[in-house]
There are 2 protein chains.
Amino acid sequence: MTDTSPKVFIVDDDQDIRSSLSRALRKRGFNVEAFGSAMAFLTIYTPDQPGCLVLDYGMPGMNGLELQAELKRRNYAIPIIFITGHGGVAESVQAIKSGAIDFLEKPFRQDALDERIRSALQTDKKRRERLQMVTQALDDFASLTEREKEIASLMVANPSDASSKMIARRLEISHRTVDHHRARILEKMHIRSVAELVDLSSKAKLFDESATL
Amino acid sequence: MTDTSPKVFIVDDDQDIRSSLSRALRKRGFNVEAFGSAMAFLTIYTPDQPGCLVLDYGMPGMNGLELQAELKRRNYAIPIIFITGHGGVAESVQAIKSGAIDFLEKPFRQDALDERIRSALQTDKKRRERLQMVTQALDDFASLTEREKEIASLMVANPSDASSKMIARRLEISHRTVDHHRARILEKMHIRSVAELVDLSSKAKLFDESATL
DNA sequence: GACTACCTAGGTAGTTTTGCCTATGGGTCC
DNA sequence: GGACCCATAGGCAAAACTACCTAGGTAGTC
């Protein structure tokens, strides 16, 4: 999906902080891109870019928390490190509970930020790897016909009674037809056993409502 | 494991707060037990008691964060709601990152605490349900012999090549012996198919290092 | 009308699993 | 020595799965 190197996005309304942060991070080998407002970031960023976000909490217009909420609403899961000059406890708690990696108060040591960024990029990398697997499974699953999905769901729901005969009895069709569907399901999902289907379904939550990207 | 009703544990060094909090919470129907220090709580609490912990951050002796760390060290996963009079951002961030449900600054509205407590008790309930399943699987797994564990691991590692013949070839034994072991494994794990074994193993992380209780 | 996709279902043959049985040899425990 | 657990392994038969094949009916599309 992406082979570009990870990037540290900075969003801060203060020009001085933007440039000094950018300079410091570039010097340490990070790939950096800075924005003066949440909107500027939103117009450029696409979720297929690996990286993390260093986000100022207090900004005119859309503030950091609002940007975080907007990213969440769009299902963009980029890891966020908040920085703030005057944030309170309630704000920081809200930010972390909403999934931020960290919340640093200015002034902070550059080392502390570096370490958080490294951790955030690592988190992003792992998430992307997991995401790729899940996306693949979801795509494969979407390619099943309704009947196939139904049968797959029955097999997953009760793996021990997933024999063709059992399912055939429940659906009141021939077990040979179930055989046929099972073969199609495994083929389309690129797997070779019901066990793998069960595994995939629990990892990709094929039959759950929620699917966190 | 437990059928006692969930309890709200309060740990605060301030006698006035303890009694007013206890009174308020009892009036709202919660089962409450209060302690004046982290140590007092630790000597009484056992992890089989369902509930949550309302924890003062700043206390003489062992403070809230230290108690949280100690509970973590002991693998006691009771949900924690911090309350604090003078906590900073760094402390709150640390607490939430370490798994606390919430971090409230005094003074707070009683309603806010109630809502957090309800949420915490819900979290605890779900965790206990999951834990029970995982514990059962872990116990069952522990009852397997070494050879059985080895074969179970091979079956889980590659569900599609988990046929007796495949595994027999890899272990250079008869496929009938593998049949025999497979039957023992399924029996001891209280399941009826390799698919369920794969499922259990991924849910209980039988073959991973970490197992969060 | 031809084409395609899907659900249905059967034939045949080979492979695998499952459940029942027995059995040998190596340990350990009392 | 006897009881017990474990790993090994085979016989046998029923059930299930797998991989190949054909084929009818329905519905939608070009």
Side-chain angles (χ1 to χ4, degrees), chain A residues 136-203 206-207, chain B residues 136-203 206-207:
Chain A
Q136 176 69 48
L138 250 24
D139 284 357
D140 289 344
F141 186 71
S143 78
L144 300 184
T145 67
E146 283 312 306
R147 193 55 151 172
E148 285 162 356
K149 285 180 190 174
E150 182 183 10
I151 289 171
S153 131
L154 286 176
M155 296 193 299
V156 169
N158 204 341
S160 287
D161 283 318
S163 75
S164 292
K165 280 198 179 172
M166 286 292 177
I167 292 178
R169 215 164 294 156
R170 205 162 324 181
L171 297 179
E172 295 180 301
I173 55 178
S174 160
H175 77 98
R176 306 306 315 279
T177 304
V178 178
D179 280 343
H180 176 267
H181 286 309
R182 180 167 23 66
R184 284 293 85 64
I185 291 167
L186 296 186
E187 182 188 341
K188 286 184 179 177
M189 299 293 291
H190 303 106
I191 53 182
R192 281 151 60 210
S193 68
V194 176
E196 276 185 284
L197 180 64
V198 171
D199 192 37
L200 267 189
S201 113
S202 91
K203 281 177 181 153
L206 294 182
F207 300 105
Chain B
Q136 178 67 47
L138 249 25
D139 284 358
D140 290 344
F141 185 71
S143 77
L144 300 184
T145 66
E146 284 310 308
R147 192 55 153 173
E148 286 163 355
K149 286 180 191 173
E150 182 184 8
I151 288 171
S153 129
L154 287 175
M155 295 194 300
V156 169
N158 204 342
S160 287
D161 283 318
S163 76
S164 292
K165 281 199 177 172
M166 285 293 178
I167 292 178
R169 217 164 292 158
R170 205 163 322 181
L171 296 179
E172 294 180 301
I173 57 179
S174 159
H175 75 100
R176 306 309 314 280
T177 304
V178 178
D179 280 343
H180 177 268
H181 287 309
R182 180 167 24 66
R184 284 293 84 66
I185 291 167
L186 296 186
E187 181 188 338
K188 287 184 179 177
M189 299 292 291
H190 303 106
I191 53 182
R192 282 152 58 208
S193 68
V194 176
E196 277 184 283
L197 179 63
V198 171
D199 192 37
L200 268 189
S201 116
S202 92
K203 280 177 182 154
L206 295 181
F207 301 105

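Order of the sequence lines fixes the chain letters, A, B, ..., with proteins taken first and strands second; residue numbering starts at 1 for each chain. Reckoned from all heavy atoms, side chains included, excluding hydrogens, waters and symmetry mates.
As a whole-Å value, the separation of B/M166 CE from C/dT17 C1' is 15 Å. Counting to the nearest Å, the C1' atom of D/dC17 and the CZ atom of A/R192 are 15 Å from each other. Note: CG (A/L186) to P (D/dT18) measures 7 Å, nearest angstrom. As a whole-Å value, the separation of B/K188 NZ from D/dC5 P is 10 Å. What separates NZ of A/K149 from P of C/dA5 is a distance of 17 Å, to the nearest Å. Whole-Å rounding puts the B/E150 CD to D/dT8 C1' distance at 14 Å. At whole-Å resolution of the value, NE2 in A/H181 and P in D/dC17 are 15 Å apart. In this structure, the CZ atom of A/R184 is 10 Å from the P atom of D/dC20, given to the nearest Å.
Proximity of A/S163 to the phosphate of D/dA15: no side-chain N or O atom is located under 4.0 Å from OP1 or OP2. One finds a side-chain N or O of B/K165 lying less than 4.0 angstrom from the OP1 or OP2 phosphate oxygen of C/dT16. For D/dC17, the OP1/OP2 oxygens have a side-chain nitrogen or oxygen of A/S164 closer than 4.0 Å. Regarding contacts with the backbone of D/dC5, every side-chain N or O of B/T145 stays at 4.0 angstrom or more from both OP1 and OP2.
For B/R182, whose side chain is taken as the heavy atoms from C-beta onward, the closest listed nucleotide among C/dT18, C/dT16, C/dT8 is C/dT18. For A/E148, the listed nucleotide lying nearest its side chain is C/dC7; candidates were C/dC7, D/dA7, D/dA16.
Residue pairs that meet the side-chain hydrogen bond (donor to acceptor under 3.5 Å, both in side chains) test with at least one member in residues 171-181 of chain B, sequence neighbours left out, are B/S164-B/D179, B/R176-B/D179, B/D179-B/R182, B/H180-B/R184. Applying the side-chain hydrogen bond (donor to acceptor under 3.5 Å, both in side chains) test to residues at least two apart or on different chains, the pairs with a partner in residues 147-158 of chain B are B/T145-B/E148, B/R147-B/E150, B/E148-B/K188.
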Below 3.5 Å between N/O atoms, which protein atoms pair up with nucleotides 25-30 of chain C? Just atom names and distances, please.
none

Write out a two-atom table: protein N or O, nucleotide N or O from nucleotides 26-30 of chain D, distance below 3.5 Å.
none

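One end of the helix from C/dG1-D/dC30 to C/dC30-D/dG1 points its axis 30° away from the other end's axis, with each axis taken from 5 pairs and the angle rounded to 10°.
Annotation: side chain of A/D199 is not in contact with side chain of B/D199 (no heavy-atom distance under 4.5 Å). In this structure, the side chains of B/I151 and B/L144 stay at 4.5 Å or more apart for every pair of heavy atoms. For the pair B/V178/B/K165, no side-chain contact is recorded, criterion being any heavy-atom separation below 4.5 Å from C-beta on.
Looking at which nucleotide of DNA chain D each of A/A183 and B/I151 is closest to, the 5′-most match is held by B/I151.
A heavy-atom distance below 4.0 Å to DNA chain D is reached by these residues of residues 167-180 of chain B, ordered by number: B/I173, B/S174, B/R176, B/T177, B/H180.
The heavy-atom pair separating A/L200 from A/A137 by the smallest distance is CD2-CB, 4.0 Å. Taking each heavy atom of A/F207 and A/A152 in turn, the nearest pair found is CZ-C, 3.8 Å. Minimum heavy-atom separation, A/I167 to A/L154: CG2-CD1, 4.0 Å.
One distance of note links CD1 of B/I191 with CG of B/L197; it measures 4.5 Å at 0.5 Å rounding. Within the model, atoms OG of B/S201 and CE of B/M189 stand 8.5 Å from one another, a figure rounded to the nearest 0.5 Å. Here OG of A/S193 is found 12.0 Å from CE of B/M155. Values are rounded to the nearest 0.5 Å.
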